[in-house]
Amino acid sequence: QKEVEQDPGPLSVPEGAIVSLNCTYSNSAFQYFMWYRQYSRKGPELLMYTYSSGNKEDGRFTAQVDKSSKYISLFIRDSQPSDSATYLCAMTSRGGGGNKLTFGTGTQLKVEL
Amino acid sequence: GAVVSQHPSRVICKSGTSVKIECRSLDFQATTMFWYRQFPKQSLMLMATSNEGSKATYEQGVEKDKFLINHASLTLSTLTVTSAHPEDSSFYICSADRYSGNTIYFGEGSWLTVV
């Protein structure tokens, strides 16, 4: 079993839809959670960074962490064609820097006109 | 926000030659940088962890003599692919760890094609 599970998709939604992207994990030591967006042939771009359980909102993006269920989500409101990309969840157990990330496989999202 | 610059973005080299890829943190000091390899439609595969002033830590299965990593300063790490072969053709990405914030930023990636 992988430490981090993420549905690879592809996920296709109409423009304006609310998108829900999810990851589950098995290592209860993970405390720091990140979502990255990666466009084709580009490096990942940090979207959201959260610590422990709870919600964090930034514009159209909301990140949720439920440590009791070992489940994290990224919601995208009013999705746009420019949101079409691969979304990677990542997590690590320690703060203070210098820590390796454990990635999900990424979910490919396509927002259609 | 933090920016990590990677150069070159694309490089083609002949089989048997070496190629160097640079990773720079532009507005912060990075004690730790990471090097990844990514195959098409797959997630990132960590190759090595680069620590300023010390030897890199390589992941299992990564040839340290083939993928030379140098982290000479707090803003620069380099990956040198030595004696490149066509199977080394891939997308290489670096990331830099902003120590104080424990947030990790990625470079734009470098496409290596070995012919």
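Please read all numbers here as calculations on a predicted model, not as lab measurements. Just so it is clear, the values below take in all heavy atoms, side chains as well, and ignore hydrogens, waters and symmetry mates. Labels below follow one simple rule: chain letters A, B, ... track the order of the sequence lines, proteins then strands, and each chain is numbered from 1.
Linking ILVMFWY residues whenever their side-chain heavy atoms come closer than 4.5 Å, directly or via other members, leaves B:M47 and B:Y36 in distinct clusters. A:F61 and A:L109 fall within a single hydrophobic cluster, where Ile, Leu, Val, Met, Phe, Trp and Tyr side chains are chained together by heavy-atom contacts under 4.5 Å. By the rule that hydrophobic residues join a cluster once side-chain heavy atoms approach within less than 4.5 Å of another member, A:W35 and A:V13 end up as members of one cluster. Taking hydrophobic clusters as Ile, Leu, Val, Met, Phe, Trp and Tyr residues chained together by side-chain heavy-atom distances below 4.5 Å, B:V19 does not share a cluster with B:I12. Following chains of ILVMFWY side-chain contacts shorter than 4.5 Å, one cannot reach B:L76 starting from B:V4, and the two form parts of different hydrophobic clusters.
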Practice problem: Mind running side chain to side chain contact (heavy atoms under 4.5 Å, CB included) on A:L46 and B:I104 for me, showing each step along the way? | Solution: CA-CA 8 Å; A:L46 180 65; B:I104 297 180; over 6 Å; no

Practice problem: Would you check, one step at a time, whether the test side chain to side chain contact (heavy atoms under 4.5 Å, CB included) holds for A:K100 with B:T49? | Solution: CA-CA 8 Å; A:K100 294 190 290 188; B:T49 302; 3.9 Å; yes

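Contact annotation for B:Q38: only side-chain heavy atoms (C-beta onward) come within less than 4.5 Å of a heavy atom of chain A. Neither the backbone nor the side chain of A:Y51 has a heavy atom closer than 4.5 Å to any heavy atom of chain B. If you measure heavy-atom distances from A:Q38 to chain B, the contacts under 4.5 Å come from the side chain alone. With a 4.5 Å cut-off on non-hydrogen atoms, B:E52 does not touch chain A at all.
Taking CG of B:L44 as the start and OG1 of A:T102 as the end, the distance is 12.0 Å to the nearest 0.5 Å. For the atom pair CG (A:L101) and CZ (B:F106), the distance works out to 6.0 Å, reported to the nearest 0.5 Å.
A centroid separation of 6.0 Å or more is found between the aromatic rings of B:Y105 and A:Y49.
With respect to chain A, the highest number of heavy-atom pairs below 4.5 Å among B:M33, B:R10, B:Q42 belongs to B:R10.
Within 6.0 Å of the NE2 atom in B:H85, the count of heavy atoms belonging to other residues, nucleotides or ligands exceeds 12. The 12-atom threshold is exceeded at NZ of B:K66, counting heavy atoms of other residues, nucleotides or ligands nearer than 6.0 Å. The environment of A:K42 atom NZ is sparse: at most 12 non-hydrogen atoms of other residues, nucleotides or ligands sit within 6.0 angstrom.
When atom types are taken as modelled, the side chain of A:T105 and the backbone of B:S43 share no donor-acceptor pair closer than 3.5 angstrom.
Side-chain contact between A:R41 and B:F91: absent, with no pair of heavy atoms (C-beta onward) separated by less than 4.5 Å.
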